[in-house]
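Reading through the structure tokens given below for one structure.
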Amino acid sequence: MDDSLSYESFYQGAKKAAHKAMDDHGRPECDEFALHAGVAVEKLAKAALAAKNPVYVAEIRNNSADMVMHLGGHVQLDEEKVRTVGATEAIKRLRKIGVLKADTDLDLLRRQFCGQITYACGEAAAGGAG
């Protein structure tokens, strides 16, 4: 398994994104704040999952066990085939294993950030000021 999928890597990524979000917070445009804060939450959730078991961050596509076996250290995958869960699924999994309690405020915040990130990315892709 590649080190970029370790607890430490996800945790350091969350820390870096959180610092960027705080730097962005004082600026008039909130797009970059929303993006970096969302990335921080996602990476922190993945760090918590990876700390329990690295296999828990695997995204399962087309009923393929390749990603699980890759995270378990038994199959090598090309970098472009490595997929991990997003923030929503990571939070669901943390709740399922009892690490994170249900929290309506967190759910509302996650939905708001997801909407802002989608808007910001869509605007930038369309040639907007994003």
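In what follows, residues are counted from 1 in the order of the sequence shown.
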Interatomic distance, CD@Q76 vs NZ@K81, rounded to 0.5 Å, equals 12.5 Å

One should read off an interatomic distance between R93 CZ and E89 CD, to the nearest 0.5 angstrom, of 4.5 Å

All heavy atoms of A90 vs all of A45, minimum pair found to be CB-CB, 3.7 Å

In terms of heavy-atom contacts, A17 and V39 come closest through CB-CG1, 3.8 Å

Sequence neighbours excluded, the answer for salt bridge (charged side-chain N to carboxylate O under 4.0 Å, His left out) partners of D66 is none

Those residues at least two apart in sequence (or on a different chain) that pass salt bridge (charged side-chain N to carboxylate O under 4.0 Å, His left out) with E8 are none

Is the backbone N or O of E80 less than 3.5 Å from a side-chain atom of D78, with the two atoms forming a donor-acceptor pair by type?
no

(Q) Using modelled atom types and a 3.5 Å cut-off, is there a donor and acceptor pairing between side-chain atoms of S9 and backbone atoms of S6? (A) no

Besides M22, the hydrophobic cluster formed by Ile, Leu, Val, Met, Phe, Trp and Tyr side chains linked at under 4.5 Å, directly or via other members, contains none

Across all chains, not counting sequence neighbours, the ring pair (Phe, Tyr, Trp, His ring centres under 6.0 Å) partners of Y56 are none

Ring pair (Phe, Tyr, Trp, His ring centres under 6.0 Å) filter on H25, not counting sequence neighbours, yields F33

- Message: With a 4.5 Å cut-off on side-chain heavy atoms, are R95 and K101 touching?
- Response: no

* To do: Measure the shortest side-chain to side-chain distance between L77 and V75 over non-hydrogen atoms and say whether it is less than 4.5 angstrom.
  => yes

By side chain to side chain contact (heavy atoms under 4.5 Å, CB included) - contacts of [X] (at least two apart):
X: A58; value: I60, M67, V68, L71
X: A47; value: Y7, F10, Y11
X: A48; value: L94

Are L100 and L49 in one and the same hydrophobic cluster, where Ile, Leu, Val, Met, Phe, Trp and Tyr link if side-chain heavy atoms are under 4.5 Å apart?
yes

Quick note, side chain to side chain donor-acceptor pair (under 3.5 Å) partners involving residues 13-23, not counting sequence neighbours, are none

By side-chain hydrogen bond (donor to acceptor under 3.5 Å, both in side chains), K46 pairs with (sequence neighbours left out) E42, T84

